[in-house]
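Just so it is clear, the structure is predicted and the values come from calculations on it, not from any experiment. Chain A is the first sequence line, chain B the second, and so forth, proteins listed ahead of strands; every chain is numbered from 1. The figures here come from the full heavy-atom set of this structure, side chains too, leaving out hydrogens, waters and symmetry mates.
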Amino acid sequence: MSKVVTRFAPSPTGLMHLGNVRTAMLNWMFARKMGGKFLLRFEDTDQSRSEQQYIDALKEDMLWLGLQWDDEPLFQSAHAEQHREALDKLAETNLAYPCFCSESQLNLDRKLATSRGLPPRYNGRCRELSNDERQAKLDAGETHTWRLAVHADSGEVTVPDLLRDNVVFLRKDLDDPVVVRSDGTFTFLLPNAIDDAVDGITHVLRGDDHLTNSAYQVWMLESLGYTAPVCLHHGLLLGEDGAKLSKRTGSHSVADLRAEGLFPEALQQAMVRLGHPNIPEDALSIEALLEHTDIEHLSTSSVRWSNEAMWRWHTKFLYAKPASELAPLLRQSLAQHDIDIDETQALALAEILGGNLNRMEDVLNFKRLLDASETISDENVQVLKEAGAVFFNHALSTAKATGGTDWKAWTNALKEISGAKGKGLFMPLRIALTGQAHGPEMSKVVVFLGADGIQTRLNQVLGLLDD
RNA sequence: GUCCCCAUCGUCUAGUCGGCCUAGGACACCGCCCUUUCACGGCGGCAACACCGGUUCGAAUCCGGUUGGGGAUGCCA
C-alpha cells in the first residue's frame, strides 16, 4: 500500500477562514494519522486576484494553527504546462471540445429546457460538430470555451469515498462542464484535478458541496489514465444559525481571531470536536486529539460552528497557564491600553489573577489593583455606601494596626471592632481594594497591594463616602 | 424541474449483522454540595430517534414515500 498524501489547496485570493481551517486540519490530521504526507498547494491560476500577501498570511495562519506542511509549498501556476497537455490529450479523443456558443445562446437554451420541464443542461450543440466544422471555426478565430464531453455517453462515474458508500452518477445526469474560459484561462475543475494527479495526492478531504465536482474530476482523471484520489466528502461546516457559513454569521478570518488574542489550541479543540464522537475532555493537545479521532468515521452530516464553545476552550487554556506564561500576556494586554508595568509586577499580578480571567482583556477589570484612583462601578459603590464610613474608618485603623497584609489578622481585628461578619465584612473590603465584587483570593490581594496600597485605597473610599 | 448528499437531546455524537435502547456519552443549561467571591471539583436533573406508510413476533436501525436542509445544473472555487 502506497503512502498517503493529502493536501490543502487554498487559492491565495483571501484570508484563511473557518471553513478553510476545517479542511486544512482534517487533511493534516489524516496524513499524520496514516503516517503520510501533507502538502500545501496554492491554487494561484487566477493571477489577477492572487496576491503574495495572502500567500504569506495563509502560511502564517497554518503555522499558528500548528499545521506544518511537508516539503516546499507547491504552486498551481507552475503546472500550467501539464494543464495544457491534459486538455490537448482530452481534445485528441474528443473527450474535450471547443464550444462556440454565446452567453445569450446558452441562456436561451436553458430557458427553453426549463420551460419544457427538462434539466437546464448544455444541449451538446458544439459537441456534435464535425471535425471539419470545428476546425473551420477555430481557424476563423471564433471565441470559444472548452468543455468536457461527460454528458455525451451512457455509463456511469463512481466517486470513491471513504466516508460513505461510493457515490455513483449516471453520465447522462451530469453536464458538460466548462474547463477553459473564453479568455483561455482554466476554471478550477481541471487544474485542481490534474495537480492532485501529478502531485501524487492519494486522498482528498473536502466538503460534500464538491461531490458533483468530484464526479467530473474522477471522470477526467480516469479518461487520462490516472487513478483518481480517494475522496472523503465530509458534511459542511455551518454557521451558528445553521445557515451556510458567511461573513455575517461569524465566519471570522483566522487573522481576526488571532487579533482577539485567541489561543490556537482553542480553535483546534472547537474545530476537531465537530463531527467526531466522544473525544475525552482532557485531550488537550493536537497530538491527543489525533489519538482520539478516527477520520474515517467523520460525520457526513453538516455541523454547526460555535464561537461560544471555542472561547470556552480558550478560557480553559487560559486558566491552565502558569503565572510565568501569563505574566507576559498580561503585560501585553495592558500595554495595548497604554498601561505599562514591569516584569516583576506582571508576575505578581499573574500569580493572583490566574484563574480569574476568561479573556485576556478581563485584566482591565482589575485596573484598581494597579491604580488606586481607578473608579468603581455605581453598583459596587452602593455596597461601599451600605457598609458606611464608620466601617471603613475601622478598616483603616485595623489595617494600620495589623499592617493589613495578613488578611486573617486584619479581618479578625476588623470583625471585632465593627461587628461586621461574613459577606458584610468581606465584600466591602474586596470592592474597596479590587474594584470588583468577584475576583482573586483576598489573602493574596493584600500581599500584592502591600500596607501602603491598602491604606491608599481605603482612604480613597473614605473620600468617596464623604461626598 | 432533474440528479446527488444529509436528517438521534440546545450542540457534537453512540447506536457494526433489526431485539441487550422505556435510546448511551460529552458539552451547554438547571439544582444541590464544596467554597468569604468567581472558578475548579462532586452529586443529581432537564432534554432527541423529522413525518407517514410497509416488512417483521420485534425498527432509531431494513424498504418506499413525504418534508426539511445542502450541493450540482455557473465562462465561482
Side-chain angles (χ1 to χ4, degrees), chain A residues 9-11 13-14 19 43 45-46 49 99 101-103 106-107 110 113-122 143-147 151 159 161 163-165 167-189 191-192 206-216 233-236 238 240 242-244 269-270 272-281 297 299-306 308-309 312-313 315-316 319-320 354-358 362 407-408 411 421-427 429-431 434 436-443:
Chain A
S11 63
T13 55
E43 306 224 323
T45 40
D46 187 347
R49 288 198 301 148
C99 174
C101 298
S102 68
E103 196 88 53
L106 292 171
N107 283 335
R110 268 194 282 273
T114 338
S115 70
R116 280 205 232 133
L118 295 169
R121 264 186 220 99
Y122 181 59
T143 48
H144 60 276
T145 61
W146 285 85
R147 286 179 184 274
H151 184 73
V159 179
D161 193 316
L163 298 183
R164 60 188 93 216
D165 291 337
V167 185
V168 180
F169 292 87
L170 261 28
R171 280 180 66 185
K172 70 174 178 59
D173 289 328
L174 295 169
D175 207 347
D176 280 7
V178 170
V179 288
V180 180
R181 303 183 184 92
S182 53
D183 66 1
T185 59
F186 285 102
T187 64
F188 130 97
L189 227 41
N192 180 261
R206 37 151 73 151
D208 64 15
D209 52 338
H210 276 291
L211 256 167
T212 316
N213 287 332
S214 293
Y216 292 125
H233 289 106
H234 58 255
L236 242 37
L238 304 178
E240 316 234 27
K244 266 183 80 180
Q269 291 291 331
V272 171
R273 284 166 192 273
L274 293 177
H276 283 111
N278 289 338
I279 300 175
E281 278 293 289
H297 288 103
S299 169
T300 50
S301 51
S302 48
V303 295
R304 286 193 196 206
W305 175 249
S306 168
E308 200 192 316
R312 243 192 321 266
W313 280 107
T315 298
K316 192 165 177 169
Y319 281 1
N356 289 97
L357 307 173
N358 292 153
D362 291 347
W407 177 246
K408 258 218 157 91
T411 51
K421 57 181 181 177
K423 201 173 177 183
L425 171 68
F426 299 115
M427 192 52 81
L429 291 179
R430 171 179 288 283
I431 292 172
T434 70
Q436 296 293 323
H438 305 298
E441 265 182 67
M442 288 307 292
S443 58

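Side-chain atoms of Leu163(A) and His234(A), non-hydrogen and from C-beta on, do get closer than 4.5 Å to each other. Between Val180(A) and Thr187(A) there is no side-chain heavy-atom pair separated by less than 4.5 Å.
Judged as a side-chain contact (heavy atoms from CB on, under 4.5 Å), and not counting sequence neighbours, Thr143(A) has no contacts.
In this structure, Arg164(A) reaches the rC6(B) phosphate: one of its side-chain N or O atoms is under 4.0 Å from OP1 or OP2. Distances shorter than 4.0 Å separate none of the side-chain N or O atoms of Arg49(A) from OP1 or OP2 on rA77(B).
Rounded to an integer number of Å, the gap from CD of Glu103(A) to C1' of rC76(B) is 13 Å. As rounded to whole Å, 7 Å separates atom C1' of rA72(B) from atom OH of Tyr216(A). We find that OH of Tyr122(A) is positioned 19 Å from C1' of rA72(B), with the value rounded to whole Å. When the C1' atom of rG71(B) is taken as reference, atom CG of Leu174(A) falls 13 Å away, rounded to whole Å. Taking atom CE on Met442(A) and atom C1' on rU36(B), their separation rounds to 10 Å, with Å as the unit. Remark: C1' of rC75(B) and CZ of Arg147(A) are 8 Å apart, rounded to the nearest angstrom.
Taking the nucleotide of RNA chain B with the nearest heavy atom to each of Leu211(A) and Glu308(A), the more 5' of the two is matched to Leu211(A). Comparing Ser182(A) and Trp407(A) by the nucleotide of RNA chain B that holds the closest heavy atom to each, the one mapping nearer the 5' end is Trp407(A).
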Check the interface with nucleotides 38-48 of chain B: list each N/O to N/O pair with the protein under 3.5 Å, or write none.
{"unit_1": "rC38(B)", "atom_1": "O2", "unit_2": "Asn356(A)", "atom_2": "ND2", "d": "3.3"}

At a cut-off of 3.5 Å, list every protein nitrogen or oxygen paired with a nitrogen or oxygen from nucleotides 12-18 of chain B, distance to 0.1 Å.
{"unit_1": "rC12(B)", "atom_1": "OP1", "unit_2": "Arg304(A)", "atom_2": "N", "d": "3.0"}
{"unit_1": "rC12(B)", "atom_1": "O3'", "unit_2": "Gly275(A)", "atom_2": "N", "d": "3.0"}
{"unit_1": "rC12(B)", "atom_1": "O2'", "unit_2": "Arg273(A)", "atom_2": "O", "d": "2.7"}
{"unit_1": "rC12(B)", "atom_1": "O2'", "unit_2": "Gly275(A)", "atom_2": "N", "d": "3.4"}
{"unit_1": "rC12(B)", "atom_1": "O2'", "unit_2": "His276(A)", "atom_2": "O", "d": "3.3"}
{"unit_1": "rU13(B)", "atom_1": "OP1", "unit_2": "Gly275(A)", "atom_2": "N", "d": "3.1"}
{"unit_1": "rU13(B)", "atom_1": "OP1", "unit_2": "Ser299(A)", "atom_2": "OG", "d": "3.2"}

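His151(A) places a side-chain N or O within 3.5 Å of a backbone atom of Lys172(A) that can act as its donor or acceptor partner.
In this entry rC49(B) has no Watson-Crick or G-U wobble partner, no candidate having both defining distances under 3.5 Å. Base-pair partner of rC43(B): rG31(B) (Watson-Crick or G-U wobble, both distances under 3.5 Å).
The aromatic ring of His233(A) does not stack onto the base of rG71(B), failing the criterion of a centre distance under 5.5 Å from the six-membered base ring together with planes under 30° apart.
Within 3.5 Å, no donor on the side chain of Asp209(A) pairs with an acceptor on the base of rA72(B), nor the reverse.
Taking the charged nitrogens against the carboxylate oxygens, Arg430(A) and Glu441(A) have no contact shorter than 4.0 Å, which rules out a salt bridge.
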